[in-house]
Number of protein chains: 2
Amino acid sequence: MTILRSPRTPSGATDRGIPDATVARLPVYLRALTSLADQGVASCSSHELSVAAGVNPAKLRKDLSYLGSYGTRGVGYEVEYLGYQIAREIGQTQDWEVVIVGVGNLGAALSNYQGFSTRGIRVAALVDADEKRIGQEIAGIKVSALADLPQIIDERKISIGIIATPAEAAQQVTDLLVAAGVTSILNFAPAIVHVPEGVDVRKVDLSIELQILAYHEQRKSVAPTTIQTAVSL
Amino acid sequence: MTILRSPRTPSGATDRGIPDATVARLPVYLRALTSLADQGVASCSSHELSVAAGVNPAKLRKDLSYLGSYGTRGVGYEVEYLGYQIAREIGQTQDWEVVIVGVGNLGAALSNYQGFSTRGIRVAALVDADEKRIGQEIAGIKVSALADLPQIIDERKISIGIIATPAEAAQQVTDLLVAAGVTSILNFAPAIVHVPEGVDVRKVDLSIELQILAYHEQRKSVAPTTIQTAVSL
DNA sequence: CCTTGTGAAGCTGTTCACAGCC
DNA sequence: GGCTGTGAACAGCTTCACAAGG
């Protein structure tokens, strides 16, 4: 016996809800709308918004169509209203408390990062394995011991954890977070971590981003020759 | 007159070369291979490597097939040999010098990041607009003035720039980098930057990663109810 | 008119399943 | 026998182009 997932609804979304690619862009649209609102713009077309968000206007409209019909044909979108609808959809009407594990250079920078608070993200706790760091204050938060992690997560009902440890510690920290009840992890450590079903992991890998750019750089320096060869045939 | 792109070559790659999705995973495979080599493993199957890299084995084999046939049927892959082939393909046999613009918390953390050097990335220069930071040493590198950016890029033949400034400065810094000859940019500022054709931009947005996780968290907490409702009808 | 919302087409990426080869 | 390499099927994402509607 197998549970079948309906392949795709008539609108194009699957029964999992909004497509992943769209979810990843909604925060970008929200930021663009907030910026427009700050400039005193009350309404805008899909074209204007798409320029601010750096996407194709058709893609923007398709993305917004998954949320509902919040525009007016012939006119455009009301900036504040659309912003509220997106914020509601992505859960930004509430605050999300996160714990950062590992307060080395990167962890400390994340703790001090100003961009989180306006996006509904609050760094609620800092944890480290290093004795020398425990008890220190970073961004006004006292660093706790790794052993206190379960209690912190339980008391503060934290469901999102950030891993900013060395690669060697990443899997162990992941297991601790998951055991304590965390169901979403943002992993900055350059290591693949394995999690049980139901837990989401996103990975940000600084070296890999640069390696991808380096690949394209390499191609740029050899490509002209290739094209010339093709043309001269 | 229009230049037509061949839709798909027999192998599945387009005439642009290796698919983007594959390029993004090659550094992950390389890291997994390096790790295996450090453990003294001389050869491995696509299955073993796929576990280490956190992907499906069929996907791994398909990805590797774009590079050539570097495995042995019935046996697997020689770790060191395959590692070298991937390194060559992604340009990691040479060092890439990068400039970091903005040495606040994040820029400083990136400057000190240990993971770059082993991946062929060398932080060659640091630049900031703030008078108070110019002349300071971070990770053994003196911070230069923004005005010196063109000279630094020209002298050191830098083609990759990292933006770690506040959002407001991102577009201006981008324009400076591009004017000075940079053709690849890694943007950590929470802003969309526009670049001329031929320049690659990758964006790492810390808030957005967490917002995406928050969206899925929100769904996790409401999904069971939805299912129950559906069932009880 | 204008711009949204959306079927449909086209493209990219993933997975399957098996032929090919050691 | 076992594992790689790969065509083919499938799924998801993007883009087009136009109907719908202010």
Side-chain angles (χ1 to χ4, degrees), chain A residues 2 4-26 28-29 33 41-51 53-79 81-82 85-86 212, chain B residues 2 4-26 28-29 33 41-51 53-79 81-82 85-86 212:
Chain A
T2 313
L4 294 173
R5 285 176 177 278
S6 62
R8 204 179 263 218
T9 64
S11 73
T14 67
D15 59 357
R16 292 199 324 275
I18 299 171
D20 288 344
T22 297
V23 170
R25 283 186 295 263
L26 289 177
V28 179
Y29 302 156
L33 286 165
V41 178
S43 99
C44 68
S45 67
S46 67
H47 183 260
E48 291 170 86
L49 187 53
S50 75
V51 171
V55 301
N56 169 311
K59 190 191 280 186
L60 170 65
R61 292 202 303 276
K62 181 65 111 183
D63 284 340
L64 295 181
S65 77
Y66 295 121
L67 312 188
S69 288
Y70 296 131
T72 310
R73 292 170 198 236
V75 180
Y77 302 93
E78 211 190 303
V79 171
Y81 178 60
L82 181 59
Q85 295 300 339
I86 294 177
I212 294 168
Chain B
T2 314
L4 293 172
R5 285 177 178 276
S6 61
R8 204 181 263 215
T9 66
S11 73
T14 65
D15 58 359
R16 293 200 322 277
I18 299 173
D20 288 345
T22 297
V23 170
R25 285 186 295 263
L26 290 177
V28 179
Y29 302 155
L33 286 165
V41 178
S43 99
C44 68
S45 67
S46 68
H47 183 262
E48 291 169 85
L49 186 53
S50 76
V51 171
V55 302
N56 169 312
K59 191 191 280 185
L60 170 64
R61 292 202 303 277
K62 181 66 109 182
D63 284 342
L64 295 181
S65 78
Y66 295 121
L67 311 190
S69 288
Y70 297 132
T72 309
R73 291 170 198 233
V75 180
Y77 302 92
E78 210 191 304
V79 171
Y81 178 61
L82 181 59
Q85 295 299 339
I86 294 178
I212 294 169

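Predicted model only: the values in this text are computed from it and were never measured. Computed over heavy atoms, backbone and side chain alike; hydrogens, waters and symmetry mates excluded. Every chain is numbered from 1, with letters handed out A, B, ... down the list of sequences.
Evaluation of atom-type donor-acceptor distances gives a pair under 3.5 Å for the side chain of B/Arg73 against the base of C/dG20.
Between B/Tyr70 and A/Thr22, it is B/Tyr70 whose nearest contact on DNA chain D lies nearer the 5' terminus. When the nearest nucleotides of DNA chain D are assigned to A/Asp63 and A/Thr72 by heavy-atom distance, the more 5′-ward of the two goes with A/Asp63.
The interatomic distance linking B/Leu60 (CG) with D/dT6 (P) rounds to 14 Å, in whole Å. Rounded to whole angstrom, the span from the CD atom of A/Glu78 across to the C1' atom of C/dT3 amounts to 16 Å. For the pair B/Asp20 CG and C/dT14 P, the computed distance is 11 Å after rounding to whole Å. For the pair A/Lys62 NZ and D/dA19 C1', the interatomic distance rounds to 14 Å; values are reported in whole Å. Rounded to an integer number of Å, the gap from A/Arg61 CZ to D/dG22 P is 17 Å. Rounded to an integer number of Å, the gap from NE2 of A/His47 to C1' of C/dG5 is 17 Å. Across the protein-nucleic acid pair, B/Asn56 atom CG and C/dA17 atom C1' stand 13 Å apart, rounded to whole Å. One interatomic measurement links the two molecules: NZ of B/Lys59 to P of D/dC3, which rounds to 21 Å at whole-angstrom precision.
For A/Ser65, taking side-chain heavy atoms from C-beta onward, the closest of the listed nucleotides D/dC13, D/dT15, C/dT6 is C/dT6. In this structure, of C/dT4, D/dT4, D/dC13, it is C/dT4 that holds the atom nearest to the side chain of A/Ser46.
One finds no side-chain N or O of A/Ser45 lying less than 4.0 angstrom from the OP1 or OP2 phosphate oxygen of C/dT3. A sub-4.0 Å separation between OP1 or OP2 of D/dG5 and a side-chain N or O of B/Tyr77 is present. Within the structure, a side-chain polar atom (N or O) of A/Arg25 is placed less than 4.0 Å from OP1 or OP2 of D/dT14.
Side-chain atoms of A/Leu26 and B/Ile212, non-hydrogen and from C-beta on, never get closer than 4.5 Å to each other. Using a 4.5 Å heavy-atom cutoff, the side chains of B/Val79 and B/Cys44 are in contact. At a threshold of 4.5 Å between non-hydrogen side-chain atoms, the residues A/Thr22 and A/Pro19 count as touching.
Taking the six-membered ring wherever Trp is involved, the centroid distance between the rings of B/Tyr77 and B/Tyr70 does not fall below 6.0 Å.
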| said: Applying side chain to side chain contact (heavy atoms under 4.5 Å, CB included) to A/Leu82 and A/Tyr29, what does each step give before you reach the verdict? | reply: CA-CA 10 Å; A/Leu82 181 59; A/Tyr29 302 156; over 6 Å; no

